[in-house]
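All remarks here apply to the structure that follows.
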Amino acid sequence: MTHEPAFDDELWVIVGPTASGKTELAIALSELHGGEIVSADSVQIYRHFQVGTGKPNAAERARARHHLIDIVEPDEPMDAARFAELAAEAIAQIRARGKRPIVCGGSFLWVKSLIFGLVPAPPADPVVRAEHKAHVDREGRAGLHARLAAVDRESASRLSENDFVRVSRALEVFELTGKPMSVWQASHGFKVQERPARLFGVRREPGELDARIEARCRLMFENGFIEEARNLLERGYGDCRPFGSVGYKQLRAALSSGRDLDVASLIGDVYRATRVFARRQRTWLRDQPVNWLEAGSTKLR
RNA sequence: GUCCGGGUAGCUCAGUCGGUAGAGCAGUGGAUUGAAAAUCCACGUGUCGUCAGUUCAAUUCUGACCCUGGACA
């Protein structure tokens, strides 16, 4: 390199749907620009979940240092805000070493929370959530939604009464702060970048991405995905967060059904679930200012 | 070969006491502020296996045939 790119002070963030080749691009850029990779992946962050997560392998980790992979136990609390704190620390350390941090991951709320921060409301409260859950068990989701409507009309009208996750969080924020979630959100609004960032992604044709997803699924099963999942279930991790993720969720259902495994159809299930996930990621990315690179290219801008 | 089930949406199935049918999943699009690989929203015309019979009307009843699962031979 004869000179550094002009956007030197910006945080480089590699995004894109699953199996698009984010890891490869991030590693290639690390090698070219003296970088270290900060993973923004809500499943790779957990220990013990290996085969089904698409974590970089040993050879890839030898090419570039990775951060925020395998750092918490499956039953430890983790969320977007906590991730942003950890990522900020990692970024500071990398820069202190004179290296370039390169964020890479497909968990876009996590990426967003790193770049813009989240509403400064308190974190999840297990007691509040348990109470909400109990309320739903008694009176249904509509009952909880009605409770939210009484204190935060705007959030309630925006949310489906079936969207328990968001209804509960919005109500929780009000109960913890006395201030409606919609008010918090209006003043925050993801308007100000706390951290200047530049997004990059790898462009793939839809058919090509499907083929890559399918190949990756097959490889996971060849690499012992079923055995790993069975082992994790036996060790009591069945109710942990990452077991609800794509692939592990399907394996948990199959392994705990008591029926014989139909591996071919399991692979199909996981493939389809992964495609559905990739579609949701596409929706997230649709209006983002991503600089799309051709596959195999490391030319930024 | 005989007996008993089945053959309905891409898949698994529900249903129509006769008036041409609907769920889940998949697919497509969308939302997304501390669970985010999570969670949620919208979008449903398909020779109701084939042929014939009864009927004003059959996917629904009857018969034959084809395919398929199981049991018995």
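Order of the sequence lines fixes the chain letters, A, B, ..., with proteins taken first and strands second; residue numbering starts at 1 for each chain. Small disclaimer: the values here were computed from a predicted structure and weren't measured.
Distance check on atom P: rU54(B) versus rU47(B) gives 27 Å, rounded to whole Å. The separation of rA36(B) from rA31(B), taken at their C1' atoms, amounts to 12 Å, rounded to a whole angstrom. With C1' as the reference atom, rA64(B) and rA26(B) are 37 Å apart, rounded to whole Å. rA52(B) and rU68(B) have their C1' atoms separated by 23 Å, given to the nearest Å. When the P atom is compared between rA21(B) and rC17(B), the two are found 13 Å apart, to the nearest whole Å. Separating the P atom of rA14(B) from that of rG7(B) is a span of 7 Å, rounded to the nearest Å. A gap of 33 Å separates the C1' atoms of rC13(B) and rU32(B), to the nearest Å. A distance of about 23 Å separates the P atoms of rG49(B) and rG44(B), rounded to the whole Å.
Here the nucleotide nearest the side chain of V165(A), chosen from rU33(B), rA38(B), rC41(B), is rA38(B). Of the listed nucleotides (rA35(B), rG27(B), rA37(B)), rG27(B) has the atom at the smallest distance from the side chain of V276(A). Looking at the side chain of R275(A), the nearest of the listed nucleotides rU28(B), rA35(B), rU33(B) is rU28(B). Of the listed nucleotides (rU33(B), rA36(B), rG34(B)), rG34(B) has the atom at the smallest distance from the side chain of A80(A). Counting only heavy atoms from C-beta on, V246(A) has its side chain closest to rA37(B) among rA26(B), rU39(B), rA37(B).
The nearest whole Å value for the distance from the CD atom in Q185(A) to the P atom in rU32(B) is 9 Å. Rounded to whole Å, atom C1' of rG27(B) lies 14 Å from atom CD1 of I213(A). Rounded to a whole Å, the NZ atom of K133(A) is 19 Å from the P atom of rA38(B). Look at CZ on F277(A): it is 16 Å from P on rC40(B), rounded to the nearest Å. Atom CZ of F190(A) and atom P of rU32(B) are 9 Å apart (whole Å). Going from atom CG of D163(A) over to atom C1' of rC40(B) covers 4 Å, rounded to whole Å. In this structure, the CD atom of E85(A) is 10 Å from the C1' atom of rG34(B), given to the nearest Å. The CG atom of L109(A) sits 17 Å away from the P atom of rC40(B) (whole-angstrom rounding).
What you find for L114(A) and A88(A) is that their closest heavy atoms are CD1-N, 4.3 Å. Closest approach of P122(A) to T177(A), counting heavy atoms only: CD-CG2, 3.3 Å. The shortest non-hydrogen separation linking P242(A) to V43(A) is CB-CG1, 4.3 Å. Scanning both residues, Q281(A) and T18(A), for their nearest heavy atoms gives OE1-N, 2.6 Å. Here the closest heavy-atom approach between residue W12(A) and residue F200(A) is recorded as CG-CE1, 3.9 Å. Between A229(A) and F243(A), the shortest heavy-atom distance links the atoms O-CZ, 3.6 Å.
Residue T53(A) is in base contact, counting any heavy-atom pair closer than 4.0 Å across all strands shown. Nucleic acid contact for G52(A): base, since at least one base atom lies under 4.0 Å from a heavy atom of the residue. G189(A) comes within contact range of at least one nucleobase, with a heavy-atom separation under 4.0 Å.
The 5' end of RNA chain B is approached more closely, in terms of each residue's nearest nucleotide, by L159(A) than by the other of L159(A) and R141(A). Checking R272(A) against S160(A), the closest nucleotide of RNA chain B that is more toward the 5' end is the one next to R272(A).
Taking 3.5 Å as the limit, the base of rA37(B) and the side chain of D41(A) contain a donor-acceptor pair of atoms between them.
For R166(A) and rG34(B), the shortest distance from a side-chain N or O to OP1 or OP2 is not below 4.0 Å. Residue T18(A) places none of its side-chain N or O atoms closer than 4.0 Å to OP1 or OP2 of rA37(B). Contact between the side-chain N/O atoms of R129(A) and the OP1/OP2 oxygens of rA35(B) is found at a separation under 4.0 Å. When the side-chain nitrogen and oxygen atoms of R169(A) are compared with OP1 and OP2 of rG34(B), one or more of them lie within a distance under 4.0 Å. Between W284(A) and rU32(B) there is no side-chain N or O to OP1 or OP2 distance below 4.0 Å. The side chain of N162(A) contributes an N or O atom lying less than 4.0 Å from OP1 or OP2 of rC41(B). Residue R282(A) places none of its side-chain N or O atoms closer than 4.0 Å to OP1 or OP2 of rU28(B). For rU28(B), one of the phosphate oxygens OP1 or OP2 lies less than 4.0 angstrom from a side-chain nitrogen or oxygen of R279(A). In terms of phosphate contacts, K249(A) brings a side-chain nitrogen or oxygen within less than 4.0 Å of OP1 or OP2 of rU39(B). At least one side-chain nitrogen or oxygen of S107(A) sits closer than 4.0 Å to the OP1 or OP2 atom of rA37(B). Between R158(A) and the phosphate of rU33(B), there is a side-chain N or O to OP1/OP2 separation shorter than 4.0 Å. In this structure, R280(A) does not reach the rU32(B) phosphate: none of its side-chain N or O atoms is under 4.0 Å from OP1 or OP2.
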Exercise. Given the rule that a pair is Watson-Crick or G-U wobble with both distances under 3.5 Å, how would you write RNA chain B in dot-bracket, using | for pairs to a different strand?
Worked result: (((((((..((((.....[..)))).(((((.......))))).....(((((..]....)))))))))))).
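Taking the ring-ring contact (aromatic ring centres under 6.0 Å, His included) definition, one finds that Y46(A) meets it with nothing, sequence neighbours left out.
Looking at P56(A) and R61(A), their side chains come closer than 4.5 Å, going by heavy atoms from C-beta outward. Under the 4.5 Å side-chain criterion, counting only non-hydrogen atoms from C-beta, L293(A) is not in contact with T298(A).
N57(A) CG: more than 12 foreign heavy atoms inside a 6.0 Å radius.
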Exercise. Yes or no on salt bridge (Lys or Arg N to Asp or Glu O under 4.0 Å) for D41(A) and K22(A), after CA distance, side-chain angles and deciding distance?
Worked result: CA-CA 11 Å; D41(A) 189 298; K22(A) 292 188 293 295; over 6 Å; no
